[in-house]
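Report on one structure; see the data block that follows.
Numbering of residues begins at 1 and proceeds along the displayed sequence.
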Amino acid sequence: MRRWIFMAIGFLACIGVALAALLYVAYQSRQQAIIWTHPPRNALQGDPESLQGLANWEAVTFTTADAVEIQAWFIPAPDTADPDGAAVILVHGLGGNRVEMLERAEILNRNGYHTLLLDLRN
């Protein structure tokens, strides 16, 4: 009888360890999912003039249908370019902001394109 009791206790201990390991893996997976899908936001620091030397720019705002205000910068092409010429919309990556697109905007602007750099909703 003692032998069966010890086997039962051992079996329950194994089940408990396996359950604890499973809960730990589930918790860690959830934490990683949160980190990857909700990265910290970078604060907007500077403007096109101070960061990239683009003096001819304007701050613009769009309001969405659900009343979210979207901030953006419009950088027109140099005066020699066609005023009705092509415009390129630049959108940052996850957790970023429009500042990270300034280098690309400067290249496009130098080549005669108007650029619009906007921040995403969140």
Side-chain angles (χ1 to χ4, degrees):
M1 183 71 173
R2 272 180 130 197
R3 181 173 180 216
W4 288 105
I5 291 174
F6 283 124
M7 285 177 60
I9 290 172
F11 179 73
L12 291 175
C14 288
I15 295 291
V17 168
L19 183 60
L22 182 65
L23 289 173
Y24 177 76
V25 168
Y27 173 77
Q28 288 299 324
S29 297
R30 181 181 181 280
Q31 292 301 104
Q32 286 299 312
I34 290 170
I35 290 169
W36 283 94
T37 58
H38 298 87
R41 296 285 310 221
N42 297 329
L44 187 65
Q45 297 176 357
D47 56 44
E49 189 170 0
S50 66
L51 296 172
Q52 206 64 27
L54 297 166
N56 186 23
W57 66 277
E58 63 182 278
V60 293
T61 304
F62 302 97
T63 303
T64 64
D66 58 343
V68 174
E69 203 170 82
I70 305 286
Q71 302 292 322
W73 292 325
F74 177 71
I75 306 171
D79 293 333
T80 58
D82 179 11
D84 296 325
V88 178
I89 299 172
L90 299 172
V91 181
H92 60 81
L94 185 65
N97 59 41
R98 58 194 154 172
V99 170
E100 68 187 45
M101 303 308 293
L102 271 173
E103 192 173 307
R104 291 175 182 90
E106 192 272 327
I107 293 168
L108 289 165
N109 189 264
R110 190 175 48 217
N111 287 292
Y113 292 94
H114 305 293
T115 54
L116 179 69
L117 294 77
L118 56 93
D119 281 334
L120 296 176
R121 296 172 64 97
N122 293 325

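Separation of atoms CD (Glu58) and CG (Leu116) is listed at 9.5 Å; rounding is to 0.5 Å. Between the CD1 atom in Ile89 and the CG atom in Leu118 there is a gap of 6.5 Å [rounded to 0.5 Å]. Of the inter-residue distances, the one linking Thr63 atom OG1 with Glu69 atom CD reads 5.0 Å to the nearest 0.5 angstrom. Going from atom CG of Leu90 over to atom CD1 of Ile75 covers 8.0 Å, rounded to the nearest 0.5 Å.
By the neighbour-count criterion of 12 heavy atoms within 6.0 Å, atom CD1 of Ile107 is densely surrounded, having more than that number from other residues, nucleotides or ligands.
Of all non-hydrogen atoms in Pro76 and Asn56, the two that sit nearest each other are CD-O, 3.2 Å.
Applying the side chain to side chain donor-acceptor pair (under 3.5 Å) test to every pair with at least one member in residues 25-37, sequence neighbours left out, gives these pairs: Gln32-Trp36. Residues in residues 86-112 take part in these side chain to side chain donor-acceptor pair (under 3.5 Å) pairs, two or more places apart or across chains: Arg98-Asp119, Glu106-Arg110.
Applying the side-chain contact (heavy atoms from CB on, under 4.5 Å) rule to Val68 yields the partners Thr64, Asp66, Ile70, Arg121; only residues at least two apart in sequence or on another chain are considered. Qualifying side-chain contact (heavy atoms from CB on, under 4.5 Å) partners for Gln45, counting only residues two or more places apart in sequence or in other chains: Ala43. In this view, Ala59 and Trp57, Trp73 satisfy the side-chain contact (heavy atoms from CB on, under 4.5 Å) rule, not counting sequence neighbours.
In the hydrophobic clustering (ILVMFWY side chains linked at under 4.5 Å, chained through shared members), Leu23 is joined by Leu19.
In this structure, Thr61 and Gln71 have side chains that are in contact, with non-hydrogen atoms separated by less than 4.5 Å.
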